[in-house]
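Computation of the quantities below employed the complete heavy-atom set of this structure, encompassing side-chain atoms and omitting hydrogens, waters and symmetry-equivalent molecules.
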Amino acid sequence: MKTSILVITSALIFWGLLNTPVAATPLDDGVAAYEQGEYAAALRILRPLALQSDAAAQFHLGNMYYHGRGVERNDSLSVYWYQLSVDQNYAPAQTALAYMYGTGRGIQRDHKMQESLYRKAIEKGEARAANNLGAMYESGEGVDQDDIRAAKWYLVAAELGFVQAQKNLAAMYLEGRGVAQDYIQAMAWNKKAAEFGHVDAQNALGIMYEQGLGAAPDYGHALIWYRRAAENGNTAAMNNIGAMYAQGFGVKKDNILTQIWYVRAALRGGSASQINLCNMHEQGAAVPQDFALAYFWCYLAAEQESATAQFKLGVFHADGKGVPQDYAKALNWYLLAARQGNVDAQNSVAAIYQEGHGVAKDYTEATNWYRLAAQHRGNSQALVAIGFNYAYGRGVAQDYIEAEAWFRKAQEEGGPPARIFISQMYRNAAGNPREDVELVTVSLKLAEKGDYAEQYNLGVAYANGIGVPQDNMLAYMWYTVAAKRSPVADSGIRKRIKVAIDELGATMNRDHIAEALRMAREWKPNS
């Protein structure tokens, strides 16, 4: 009986020891004061401890100088205190000092030292260091770019519970970089980060549910995660909620709620929503058409370096939508977008110099911009333009062989058959006649079977008298037939057809247009 009492008593004493609050140390008090924003009190407590060689206090004092909290911001002093802490092998300080070496703040940039310090910190289980080393390999900043190594270090940090690494690893699985593409793994890691409150992961998880990546499409779950991210201020999630209401995905289609969510994001700086509002007001979609408001929303996005918005502002100025027509301002906006790689803007800059809108014609400059735009796959417009500049010696030495090569590249990129442009080039070239009848005969056979591209080409032939007598009505008829049969997905040829119809229609009287439309209605493909 006594033994039992002793055992119980000992157990109670042991339990009591476990539950006795441990007295806070001065370091704990200093860190707590810092985290509560009481920086003067934190400094008063941490500085003496740092001077007494407390590694943790030195690290926190370094943070205060780094952020300028309670002291004047001073990168050199930040490095000084981090280094003292590193000298005692304090892992968080190794991570912090590595970052300073990487950015060159307060110390000469040294990526070898940066990597070395990260590795030392990782050996002590420092998750942030593993994530940062992964980021170095992903970006190739200071090391050879290596997605496999990036994914490896993200995994180390993610398994240690570092939330940003979990989000980074999810992105690697989603895109198949450094690891085999695996939507299930991407969703799992995004979910871990999202549940810990990572707002970008919450939005990414919503996207995965909406698009059915890693699980069956589930608009309900998508909306739940979008809302959680939106509540945490994520403007991309707000935009995504607006888009769900715009399209009626998982919710009843609601134009008012669409606009509310877009405006909510736009006023917080969400450039995607600003562009969406710009498009809505420009097109009069679910809101009254208002070019001035469209311009306003696009301007806000353009100020955030959105190339899409900068290009659209160029269009507004070129077309005089919501602002006076001004090609000089249009060119300025086009250039900003073009320098960011926006292909439409590059084409537009080239066209302005080619046509001399608001500037002196400069075929050399136009060709240079077309060359830049031609580097984007599928941009047959730029390839054709370069071809014609070679054909006519505009900005480059006249060279029919080189011109043919560009026309053929355009065809390979989905543009109209090169033979139409080659035929036109030789027809217009003095002393270089070429027989076009055979070419047009081939076009006619294919057009009559329903080939919309050849129908467009046949329109070009009749409009310009290439291989056939010039005939505006037949040209208009074939353009109209091509417009009806061309798929929405082939936006390039649809744009060309529209331009051709508009330009040709401007030269024809109403009776001729009516007759051409009648012929188009009655046209049927040959079996």
Side-chain angles (χ1 to χ4, degrees), residues 347 374 376-388 390-391 400-429 432-508 512-527:
N347 278 335
H376 299 267
R377 290 192 62 81
N379 186 13
S380 60
Q381 176 185 345
L383 296 166
V384 169
I386 295 171
F388 275 116
Y390 271 108
Y400 294 128
I401 305 246
E402 185 70 13
E404 280 199 31
W406 285 100
F407 292 143
R408 295 192 190 283
K409 285 181 185 178
Q411 179 177 318
E412 291 169 5
E413 292 293 328
R419 56 192 174 75
I420 291 294
F421 299 119
I422 294 169
S423 176
Q424 182 178 341
M425 173 182 71
Y426 280 103
R427 183 181 183 81
N428 294 334
N432 291 282
R434 176 166 296 186
E435 183 58 59
D436 299 319
V437 175
E438 183 179 343
L439 297 173
V440 173
T441 300
V442 174
S443 278
L444 182 59
K445 288 180 180 178
L446 294 172
E448 287 179 339
K449 289 182 179 180
D451 187 315
Y452 67 89
E454 292 296 348
Q455 290 164 349
Y456 165 71
N457 291 333
L458 203 54
V460 173
Y462 276 110
N464 296 281
I466 302 173
V468 290
Q470 198 277 336
D471 190 319
N472 284 346
M473 281 197 296
L474 282 174
Y476 201 96
M477 182 206 82
W478 283 114
Y479 285 149
T480 304
V481 171
K484 290 180 179 178
R485 298 184 64 83
S486 58
V488 174
D490 195 343
S491 59
I493 198 166
R494 288 175 69 86
K495 287 179 182 177
R496 288 195 295 276
I497 293 169
K498 183 180 184 305
V499 169
I501 289 174
D502 290 344
E503 290 181 350
L504 187 59
T507 68
M508 297 170 62
H512 288 171
I513 291 175
E515 178 62 16
L517 291 173
R518 182 193 64 76
M519 291 190 292
R521 285 194 302 271
E522 294 178 357
W523 178 86
K524 292 180 181 179
N526 292 337
S527 56

Give the minimum heavy-atom separation between [X] and [Y], together with the two atoms involved.
X: L446; Y: E454; result: CB-CG, 3.6 Å
X: G505; Y: I513; result: O-CD1, 3.7 Å
X: A382; Y: A374; result: CB-N, 3.9 Å
X: S486; Y: I493; result: CB-CG2, 4.3 Å
X: A447; Y: L458; result: CB-CD2, 4.0 Å
X: Y462; Y: P469; result: CD2-O, 3.6 Å

>> Test side-chain contact (heavy atoms from CB on, under 4.5 Å) on V460 and Y479; report intermediate values, then the result.
In response: CA-CA 8 Å; V460 173; Y479 285 149; 3.7 Å; yes
In Å and rounded to the nearest 0.5 Å, what is the [atom1] to [atom2] distance from [X] to [Y]?
X: S380; Y: R496; atom1: OG; atom2: CZ; answer: 4.5 Å
X: L504; Y: Y476; atom1: CG; atom2: OH; answer: 7.5 Å
X: N457; Y: L444; atom1: CG; atom2: CG; answer: 12.0 Å
X: D451; Y: R485; atom1: CG; atom2: CZ; answer: 9.0 Å
X: L474; Y: M519; atom1: CG; atom2: CE; answer: 5.0 Å
X: I386; Y: F407; atom1: CD1; atom2: CZ; answer: 10.5 Å

>> Between W523 and Q455, is there a side-chain heavy-atom distance shorter than 4.5 Å?
In response: yes
> With no hydrogens and no angle check, is any side-chain donor or acceptor of Q470 less than 3.5 Å from a backbone partner on N464?
Replying inline: no
> In a check of side chain to side chain contact (heavy atoms under 4.5 Å, CB included) between E413 and each of Q381, R408, R377, H376, which one passes?
Replying inline: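 Of the listed residues Q381, R408, R377, H376, the side chain to side chain contact (heavy atoms under 4.5 Å, CB included) partner of E413 is R377.
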> With sequence neighbours excluded, what pairs up with E515 under the salt bridge (charged side-chain N to carboxylate O under 4.0 Å, His left out) test?
Replying inline: R518
>> List the residues meeting side chain to side chain donor-acceptor pair (under 3.5 Å) with Y456, not counting sequence neighbours, and say none if there are none.
In response: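 Y456: no side chain to side chain donor-acceptor pair (under 3.5 Å) contacts found.
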